[in-house]
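Order of listing sets the numbers, starting from 1, for every ligand and every atom in it. Predicted, not measured: the structure shown is a model, and the values here were computed from it.
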Amino acid sequence: MPQEVLTEAASEMLDWHGSGMSVMEMSHRGKEFISIYEQAEADLRELLAVPGNFKILFMQGGGLAENAIVPLNLSRGGVADFVVTGSWSQKSQQEARKYCTVNIAASSETDGHTTLPDPTTWQLSQGASYVHVCTNETINGVEYHALPDLKALGSDAPLVIDFSSQVASRPVDWSRVGLAFGGAQKNLGPAGLTLVVVREDLLGHALPVCPSAFNYKTVADNQSMYNTPPTYAIYIAGLVFQWLKRQGGIAAMEARNKAKAALLYDAIDNSQLYLNKVAGNCRSRMNVPFFLHDESLNEAFLAGARAHGLLQLKGHKSVGGMRASIYNALPLEGVQALVDYLHEFEKTRS
Ligand SMILES: *Cc1c(COP(=O)(O)O)cnc(C)c1O
């Protein structure tokens with residue numbers, strides 16, 4: 001979270017703009033919260049340049065719930081294509097099997113998800129209801145740096161992207177997307193809010209078994225207020241959107257994220273002690289997994305990092321090693337502090 005946003009939220013936590021209420025105490029249908037909601041939606045639409053024929057939905061359930069909600073709404077019980085590039089897309093295809101037929105169009109499992117299957121090699125099905133791609137695999141640290149053009153690949157299906165850990169870090173080419181979803185907690189705000197951006201023509205085809213609160217058309221027709229939305233999380237995300245605008249918007253964030261990632265990957269590549277296994281053309285700008293060649297040093301490395309105020313560097317248990325998540329809110333100085341520590345730790349060990 002950007003420090004500025006936390007400070008602002010703290011200062012108005014007890015009394016929002018002289019309303020005499022905390023945002024947590026407001027009715028979601030009252031004029032105060034409606035103004036917060038409308039500002040947040042308008043700011044997000046502007047920041048991400050979301051076209052007018054897409055709906056922005058503020059939902060609950062997180063990325064994992066969307067793994068069910070997407071096939072419930074889009075599959076029509078048919079076939080959906082999945083590109084398996086790491087832990088998250090693996091989970092997505094597994095969940096979708098409850099609601100539709102799954103075709104694995106491509107997988108990078110054999111190389112331990114350190115490369116990304118080139119779109120020209122994907123085995124797409126004829127008449128698929130959608131094609132699912134996780135554009136940034138948070139755990140494995142692989143990222144598609146361009147969205148596939150499904151039409152050019154001979155598929156008429158809409159592209160569904162899980163951009164949970166990529167949203168707002170770079171622009172989105174909406175001409176290639178049918179639906180994008182993401183949990184807010186990586187780059188947008190607190191956990192509990194799930195963002196869905198969906199092209200209007202994809203609404204209204206949910207399976208009869210789809211829960212009403214998870215039917216995109218119902219959610220869209222009710223401005224995300226069919227049931228009570230996660231109001232406080234929407235408010236905080238709204239403060240993040242204002243912060244993003246003050247930073248210069250998404251293009252400025254992308255430039256900053258490129259610089260941050262380059263600084264860290266260069267330090268890892270130029271060392272004798274650290275190693276990143278991901279192929280150069282698909283390294284994530286948000287999540288940087290790395291290993292110590294001598295894994296017996298892992299605990300000493302982490303303890304030293306903690307002593308420098310560098311927290312949460314332990315890698316995901318399924319991959320091991322270390323992982324630096326360098327989301328939007330982390331300034332370049334934060335990455336520089338990590339790089340300085342990498343050098344310092346390496347010196348003491350050689
Ligand atoms: C974190 C994450 C999720 C899971 O989101 P939850 O909100 O925990 O359900 C899904 N996909 C990706 C790519 C993620 O990074």
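A donor-acceptor contact under 3.5 angstrom links the side chains of Tyr327 and Asn287, judged on distance only. Side-chain contact annotation: Ser284 with Glu137, donor-acceptor N/O pair under 3.5 Å absent.
Salt bridge status for Glu41 with Lys55: absent, with no side-chain N to carboxylate O gap under 4.0 Å. Salt bridge annotation for Asp201-Arg199: present, with a cationic side-chain nitrogen under 4.0 angstrom from a carboxylate oxygen.
No side-chain donor-acceptor contact under 3.5 Å links Arg285 to the backbone of Glu254. Between the Asn222 side chain and the Met225 main chain, no donor and acceptor come within less than 3.5 Å of each other.
The contact shell of ligand 1, taken as protein residues with any non-hydrogen atom closer than 4.0 angstrom, comprises Gly62, Gly63, Leu64, Trp88, Cys134, Asn136, Thr138, Asp162, Ser164, Ser165, Gln185, Lys186.
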